[in-house]
Amino acid sequence: QVQLVESGGGLVQAGGSLRLSCVASGRTFNSNGMGWFRQYLGKERECVGSINLSSGSTYYAESVKGRFTISRDNAKNTVYLQMNSLKPEDTAVYYCAASERRGLFAVTRMYDYWGQGTQVTVSS
């Protein structure tokens with residue numbers, strides 16, 4: 001059974017930083033795609049960024065480009081989302097996702113496993 005567990009969410013002031021972690025257990029995803037999504041209340045999940053664990057290539061949504069960075073530690077089966085210069089509009093529940101496919105994906109249908117989500121709240 002694959003499990004993704006996110007951590008690192010919390011309350012931060014605008015301009016601050018947080019680092020989210022996603023630990024995968026049950027199998028390794030060293031060659032697959034993983035992503036970070038966020039969901040506003042009443043809205044669909046949107047991709048914040050994704051990473052190809054094999055090549056290290058990344059994708060970022062325009063709204064976070066230059067502020068957020070995705071990285072991985074394959075030895076620890078962990079993916080990180082470093083969030084800097086946070087804005088109140090970044091307030092959302094953030095989810096980690098893993099795909100059975102190799103590649104770089106920005107849509108929910110390409111992902112097979114999801115974490116439980118972690119709340120990020122940015123105060124103004």
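In this chain, residues are counted from 1 in sequence order.
Each of F105 and I51 belongs to its own hydrophobic cluster when Ile, Leu, Val, Met, Phe, Trp and Tyr are linked at side-chain heavy-atom distances under 4.5 angstrom. In this structure, V64 is a member of the same hydrophobic cluster as M34, with clusters built from ILVMFWY side-chain heavy atoms closer than 4.5 Å. The cluster map of Ile, Leu, Val, Met, Phe, Trp and Tyr, joined by side-chain heavy atoms under 4.5 Å apart, puts V107 and Y95 in the same cluster.
No side-chain donor-acceptor contact under 3.5 Å links Y94 to the backbone of Q39. Looking only at distances, a side-chain donor or acceptor of T91 sits under 3.5 Å from a matching main-chain atom of V122. Between the side chain of Q116 and the main chain of E6, a donor-acceptor pair closer than 3.5 Å is present. Although no hydrogens or angles enter the test, the distance criterion places no donor-acceptor pair under 3.5 Å between the side chain of N52 and the main chain of L104. Judged by distance alone, with hydrogens and angles left aside, the side-chain atoms of T58 form no donor-acceptor pair with the main-chain N or O of I70 at under 3.5 Å.
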Stepwise, does the side chain to side chain contact (heavy atoms under 4.5 Å, CB included) test hold for V120 with L11? CA-CA 6 Å; V120 170; L11 173 65; over 6 Å; no
Trace of the side chain to side chain contact (heavy atoms under 4.5 Å, CB included) decision for F37 with V48: CA-CA 5 Å; F37 288 73; V48 172; 5.7 Å; no
Pair L20-T118, side chain to side chain contact (heavy atoms under 4.5 Å, CB included): steps then yes or no: CA-CA 8 Å; L20 305 184; T118 185; 4.1 Å; yes
If you apply the rule side-chain hydrogen bond (donor to acceptor under 3.5 Å, both in side chains), what do you find for R19 with Q82, and how did you get there? CA-CA 4 Å; R19 188 177 81 156; Q82 177 68 43; 4.8 Å; no
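No more than 12 heavy atoms of other residues, nucleotides or ligands shown are found within 6.0 angstrom of CD on Q3.
D73 places none of its side-chain heavy atoms less than 4.5 Å from the side chain of V79. Put simply, the side chain of N74 reaches to within 4.5 Å of the side chain of L53, judged on heavy atoms. Using a 4.5 Å heavy-atom threshold, the side chains of C96 and W36 count as touching. In this structure, T69 and Y80 have side chains that are not in contact, with every pair of non-hydrogen atoms separated by 4.5 Å or more. Taking the side chain as every heavy atom from C-beta outward, S17 and R67 never approach each other to under 4.5 Å. Side chains of F68 and N84 form no contact here, defined as non-hydrogen atoms less than 4.5 Å apart. Between C47 and Y59 there is a side-chain heavy-atom pair separated by less than 4.5 Å.
From K87, atom NZ reaches atom OG of S124 across 14.0 Å, with rounding to the nearest 0.5 Å. Taken to the nearest 0.5 Å, the CE atom of M83 stands 4.5 Å off from the CG atom of L18. In this structure, the separation between OG on S25 and CG on N77 is 8.0 Å, given to the nearest 0.5 Å. With rounding to the nearest 0.5 Å, the separation of OH in Y113 from CG in L4 is 9.5 Å. Taking CZ from R45 and OH from Y40, the interatomic distance works out to 14.0 Å, rounded to the nearest 0.5 Å. In this structure, K43 NZ and R38 CZ are separated by 13.0 Å, a value rounded to the nearest 0.5 Å.
A donor and an acceptor atom, one from each side chain of S99 and N32, are nowhere located under 3.5 Å apart. Counting only N and O atoms by type, the side chains of Y111 and R109 include no donor and acceptor under 3.5 Å apart.
Closest approach of T121 and Q119 over heavy atoms only: OG1-NE2, 3.3 Å.
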